[in-house]
Amino acid sequence: MQVRGAAMDSGFDYPRYRKLLAEAVDEPKRLALIKLLIDERARDKLAAQETQRSSDIIHSLIAPRPPSPSNAP
């Protein structure tokens, strides 16, 4: 049960997926469910990449920069 709890933190809508899986009684519905899972995972990865990119930009703006050679004493 602990593994399930850890996975629940990932943001997936398990009740919705469980319902869709129960309704996937034929090949077209199963394929549609697989496509949905792939699409949503891809969307989540793109969102994570955008968040990381924004974080990197902010970090580069506030991080101290090493002195340039022309400013050396």
Side-chain angles (χ1 to χ4, degrees):
M1 201 61 153
Q2 183 180 3
V3 173
R4 184 176 175 207
M8 295 291 277
D9 294 336
S10 66
F12 290 112
D13 186 356
Y14 286 97
R16 177 173 159 241
Y17 296 145
R18 192 173 293 119
K19 178 181 178 286
L20 290 171
L21 181 60
E23 294 171 353
V25 295
D26 59 11
E27 190 69 13
K29 288 182 182 178
R30 284 190 290 269
L31 291 174
L33 174 59
I34 291 168
K35 183 181 181 327
L36 172 76
L37 293 171
I38 291 169
D39 290 348
E40 288 187 3
R41 180 69 175 151
R43 183 194 66 224
D44 291 345
K45 282 185 175 184
L46 286 173
Q49 288 174 354
E50 183 59 32
T51 300
Q52 183 62 46
R53 189 175 304 125
S54 296
S55 176
D56 290 346
I57 290 170
I58 291 170
H59 185 286
S60 71
L61 292 173
I62 62 174
R65 296 184 180 155
S68 65
S70 63
N71 292 344

*Asks:* Apply side chain to side chain contact (heavy atoms under 4.5 Å, CB included) to residues Gln52 and Gln49 and explain how you reach the verdict.
*Replies:* CA-CA 5 Å; Gln52 183 62 46; Gln49 288 174 354; 5.7 Å; no

*Asks:* Treat each ILVMFWY residue as a node, draw an edge where side-chain heavy atoms are under 4.5 Å apart, and state whether Leu21 and Tyr14 are in one component.
*Replies:* yes

*Asks:* Report the distance from atom CZ of Arg43 to atom CD1 of Ile38, rounding to the nearest 0.5 Å.
*Replies:* 13.5 Å

*Asks:* Over all heavy atoms of both residues, which pair between Ser60 and Ile57 is shortest? Give the atoms and the distance, please.
*Replies:* OG-O, 2.7 Å

*Asks:* Is there a path of hydrophobic side-chain contacts, each under 4.5 Å between heavy atoms of I/L/V/M/F/W/Y residues, joining Leu31 to Leu33?
*Replies:* no

*Asks:* Can you name the residues that form a salt bridge (charged side-chain N to carboxylate O under 4.0 Å, His left out) with Lys45, not counting sequence neighbours?
*Replies:* none

*Asks:* What are the two closest heavy atoms between Glu23 and Lys29, and how far apart are they?
*Replies:* O-CD, 3.3 Å

*Asks:* Could you list the residues that satisfy side chain to side chain donor-acceptor pair (under 3.5 Å) with Arg41, not counting sequence neighbours?
*Replies:* none

*Asks:* Report yes or no: does Ser54 contribute a side-chain atom to a donor-acceptor pair with the main-chain N or O of Glu50 at less than 3.5 Å?
*Replies:* yes

